[in-house]
Amino acid sequence: MTAALGVVSPLVSVGSATAAPAVERSFIERTVPDGPHTHLVDVYSAAMRKTIKVQVVTPRTESGPRPSLYLLGGLNEEDPNNSIWTLKTDVAGFYADKNVNVVMPIAGAGSFYTDWQRDDPTLGRYKWETFLTRELPSLIDDRFDGNGVRGVAGLSMGAGAALVLAARNPGFYDAVAAYSGCYTTTGPAGQAYPRGIVAAFGGNADNMWGPPTDPAWAQHDVVAKAANLRGSTVYVSTGTGRAGRYDAPGYPGNENPTDRQVIGGAIEVGSLWCTQQLDARLDQLNIPATIRYVDPGTHSWPYWVDQQRESWPTLRQGLGL
């Protein structure tokens with residue numbers, strides 16, 4: 001159901017002439033059809049004090065209450081009205097015959113889908129962990145017949161974010177998948193990646209998790225908090241950085257083969273290292289996980305489309321389907 005009001009009416013104490021202050025809450029402002037089973041949803045976030053656009057794909061044939069799978073994008077979430085998942089993959093087609101709600105929040109640039117300590121002068125207010133774990137899920141379940149079972153999957157920046165959300169909220173996600181991400185945020189190497197991404201969008205990562213010595217960086221380190229993934233169904237994939245047929249000149253959509261092979265290859269080598277660190281830690285803790293090393297594989301969409309499909313059996317199991 002779509003809520004009609006965004007503010008809870010003030011409560012007045014008996015015998016008092018002064019009303020208590022209004023309590024702001026999150027709510028769905030509107031839902032607009034965008035295809036046979038695709039919906040554009042405007043959600044007011046009380047934490048961020050603004051409207052967040054969310055795209056939702058529902059099954060072609062609905063069959064009662066169902067789980068929800070949240071998809072987190074990477075650096076190209078710059079279209080204000082469309083998730084990168086809808087632009088680069090056939091989300092509506094792939095999930096049409098699956099009894100799951102697919103939820104794609106359109107995140108702010110360089111947000112890392114996390115709660116920032118302070119508002120950033122350039123990027124604004126980011127309270128994404130609060131939005132994704134405390135505000136949005138119940139609204140989605142109420143509006144789209146959810147059953148309280150949740151999964152989260154992400155790529156690149158969203159890959160690390162998906163595992164961070166799962167590790168910081170043990171048991172909240174029944175299934176989690178991460179494609180081509182990095183999972184440590186401590187030390188110079190661990191901080192270099194998120195700091196570089198935030199800086200690329202004109203932001204200051206000190207406003208996210210504080211200066212380099214702030215404990216908040218360690219609190220978002222998936223390798224350090226890997227024990228909290230126990231109980232969730234986990235799928236993690238990475239390429240090796242070696243170029244393959246998707247990276248060849250002339251492959252459809254590959255307008256810049258050099259960039260894909262050199263830059264995309266180098267980034268994926270970093271993801272490979274990060275995944276190996278997480279793989280070793282999960283093995284040490286005896287936490288079951290499906291780890292997929294894709295060779296060849298660079299940091300690019302054709303490989304992520306493959307992984308979206310290959311990870312589905314694992315996610316489906318975790319979601320109880």
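The basis for the numbers below is simple: all heavy atoms, side chains too, and nothing from hydrogens, waters or symmetry mates.
A salt bridge is absent between Asp174 and Arg150: the closest approach of a Lys/Arg side-chain nitrogen to an acidic carboxylate oxygen does not fall below 4.0 angstrom.
Residue Leu132 holds its CG atom at 8.5 Å from CD of Glu129, rounded to the nearest 0.5 Å. For the atom pair His37 NE2 and Glu62 CD, the distance stands at 10.0 Å (nearest 0.5 Å). The line from CG of Leu87 to CG of Asp79 is 5.5 Å long, rounded to the nearest 0.5 Å. Interatomic distance, CH2 of Trp301 versus OG of Ser156, reported as 9.5 Å (0.5 Å rounding). If you take OG1 on Thr38 and CG on Asp34, they are separated by 6.0 Å, rounding to the nearest 0.5 Å. Remark: Ile106 CD1 to Ile52 CD1 distance equals 9.5 Å, nearest 0.5 Å.
Of the possible polar contacts, one joining the Arg168 side chain to the Gln219 backbone as a donor-acceptor pair under 3.5 Å is found. With Lys53 contributing its side chain and Leu40 its backbone, the two residues share no donor-acceptor pair below 3.5 Å. Without hydrogens or angle criteria, Asp90 side chain to Gly93 main chain gives a donor-acceptor distance under 3.5 Å. Formation of a donor-acceptor pair under 3.5 Å by the Arg125 side chain with backbone atoms of Asp120 is not found in this model. Side chain of Gln191 to main chain of Pro212: a donor-acceptor pair is present (N/O by atom type, distance under 3.5 Å, no hydrogens or angles). The closest donor-acceptor contact from the side chain of Asp259 to the backbone of Asn256 lies at 3.5 Å or more, if one exists at all. A donor-acceptor pair under 3.5 Å is formed between the side chain of Thr122 and the backbone N or O of Gly202. The backbone N or O of Ser111 lies less than 3.5 Å from a partner atom in the side chain of Trp116, making a donor-acceptor pair.
Taking 4.5 Å as the limit, every side-chain heavy atom of Thr290 sits out of range of all side-chain heavy atoms of Val234. Between Val57 and Thr86, every side-chain heavy-atom pair lies at or beyond the 4.5 Å cut-off. Contact annotation: the side chain of Pro59 approaches that of Asn99 to within less than 4.5 Å [non-hydrogen atoms, C-beta and beyond]. Side chains of Ile263 and His299 form no contact here, defined as non-hydrogen atoms less than 4.5 Å apart. Residues Asp214 and Gln117 meet the side-chain proximity criterion, which asks for heavy atoms closer than 4.5 Å. When side chains are defined from C-beta on, Ser45 does not count as touching Lys50, because their heavy atoms never get closer than 4.5 Å. Ser26 is not listed as a side-chain neighbour of Phe131, based on a closest heavy-atom distance of 4.5 Å or more.
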- Could you check Asp206 against Arg118 for salt bridge (Lys or Arg N to Asp or Glu O under 4.0 Å), going step by step and ending with a plain yes or no? CA-CA 9 Å; Asp206 283 0; Arg118 291 171 293 278; over 6 Å; no
- Task: Test salt bridge (Lys or Arg N to Asp or Glu O under 4.0 Å) on Arg60 and Asp97 and set out the steps.
- Result: CA-CA 6 Å; Arg60 182 183 293 119; Asp97 61 348; over 6 Å; no
- Task: Dump the intermediate steps for side chain to side chain contact (heavy atoms under 4.5 Å, CB included) on Glu268 and Thr238, then the final yes or no.
- Result: CA-CA 7 Å; Glu268 201 69 356; Thr238 181; 3.6 Å; yes
- Message: Show, in sequence, the C-alpha distance, side-chain angles and deciding distance for Trp273 and Thr184, and conclude whether the side chain to side chain contact (heavy atoms under 4.5 Å, CB included) test is met.
- Response: CA-CA 10 Å; Trp273 179 83; Thr184 181; 4.2 Å; yes
- Task: For Val164 and Tyr183, run side chain to side chain contact (heavy atoms under 4.5 Å, CB included): C-alpha distance rounded to whole Å, both residues' side-chain angles, the deciding distance at 0.1 Å, then the answer.
- Result: CA-CA 8 Å; Val164 167; Tyr183 312 108; over 6 Å; no
- Audit row: Phe94, Thr89, side chain to side chain contact (heavy atoms under 4.5 Å, CB included) steps and yes/no: CA-CA 9 Å; Phe94 179 68; Thr89 76; over 6 Å; no
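Side-chain atoms of Arg66 and Asn101 include a donor-acceptor pair closer than 3.5 Å. Defined by atom type and a distance below 3.5 Å, a donor-acceptor pair is missing between the side-chain atoms of Thr185 and Trp209. Between the side chains of Asp115 and Thr130, at least one donor N or O lies within less than 3.5 Å of an accepting N or O. For the residue pair Ser83 / Gln55, no side-chain donor-acceptor distance below 3.5 Å is found, with atom types taken as modelled. Counting only N and O atoms by type, the side chains of Glu29 and Thr51 include a donor and acceptor under 3.5 Å apart.
No continuous path of ILVMFWY side-chain contacts below 4.5 Å connects Ile84 to Val56, so the two sit in separate hydrophobic clusters. Cluster annotation: Leu72 and Tyr173 are assigned to the same hydrophobic cluster (Ile/Leu/Val/Met/Phe/Trp/Tyr, side-chain heavy-atom contacts under 4.5 Å, transitive). Cluster annotation: Val152 and Val54 are assigned to the same hydrophobic cluster (Ile/Leu/Val/Met/Phe/Trp/Tyr, side-chain heavy-atom contacts under 4.5 Å, transitive). Under the 4.5 Å side-chain heavy-atom criterion for Ile, Leu, Val, Met, Phe, Trp and Tyr, Leu229 and Val149 are members of distinct hydrophobic clusters. No path of Ile, Leu, Val, Met, Phe, Trp and Tyr side chains, each step under 4.5 Å between heavy atoms, connects Val294 with Leu163, placing them in separate hydrophobic clusters.
At most 12 heavy atoms of other shown residues, nucleotides or ligands fall within 6.0 angstrom of atom CZ in Arg134. Heavy-atom contacts from other residues, nucleotides or ligands closer than 6.0 Å to NZ of Lys88 number 12 or fewer.
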Pairs under 3.5 angstrom only: tabulate donor-acceptor contacts from the side chains of residues 311-321 to other protein residues two or more places apart or in another chain.
residue, atom, partner, partner atom, Å
Ser311, OG, Tyr179, OH, 2.6
Ser311, OG, Gln307, O, 2.8
Ser311, OG, Gln308, O, 3.2

Mind listing the side-chain donor-acceptor pairs of residues 275-284 below 3.5 Å, one per line with the distance, residues two or more places apart or on another chain?
residue, atom, partner, partner atom, Å
Thr275, OG1, Ser271, O, 2.9
Asp279, OD2, Tyr293, OH, 2.8
Arg281, NH1, Gln284, OE1, 2.3

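Taking the six-membered ring for Trp and the full ring otherwise, the centers of His39 and Phe144 sit less than 6.0 Å from each other. For Trp304 and Trp85, the distance between ring centers is not under 6.0 angstrom.
Pairs passing the ring pair (Phe, Tyr, Trp, His ring centres under 6.0 Å) check and including a residue from residues 240-271, sequence neighbours excluded, read Tyr246-Tyr251, Tyr246-Tyr303.
Partner of Leu136 under the side chain to side chain contact (heavy atoms under 4.5 Å, CB included) criterion, out of Val43, Val41, Asp141: Val43 alone.
Taking both residues in full, the closest heavy atoms of Pro296 and Arg242 are given as CB-O, 3.1 Å, listed atom of the first, atom of the second, then distance. Considering every non-hydrogen atom in both Val198 and Ala205, the closest pair reads CG1-N, 3.6 Å. Of all non-hydrogen atoms in Gly203 and Leu123, the two that sit nearest each other are CA-CD1, 3.8 Å. Nearest heavy atom pair, residue Leu71 against residue Pro105, reads O-CD, 3.6 Å. Closest approach of Gly154 and Ala162 over heavy atoms only: N-CB, 4.0 Å. Counting all heavy atoms, side chain and backbone alike, Pro302 lies closest to Arg260 at CG-NH1, 3.7 Å.
Ring planes of Phe27 and Tyr44: tilted class, angle from 30 to 60°.
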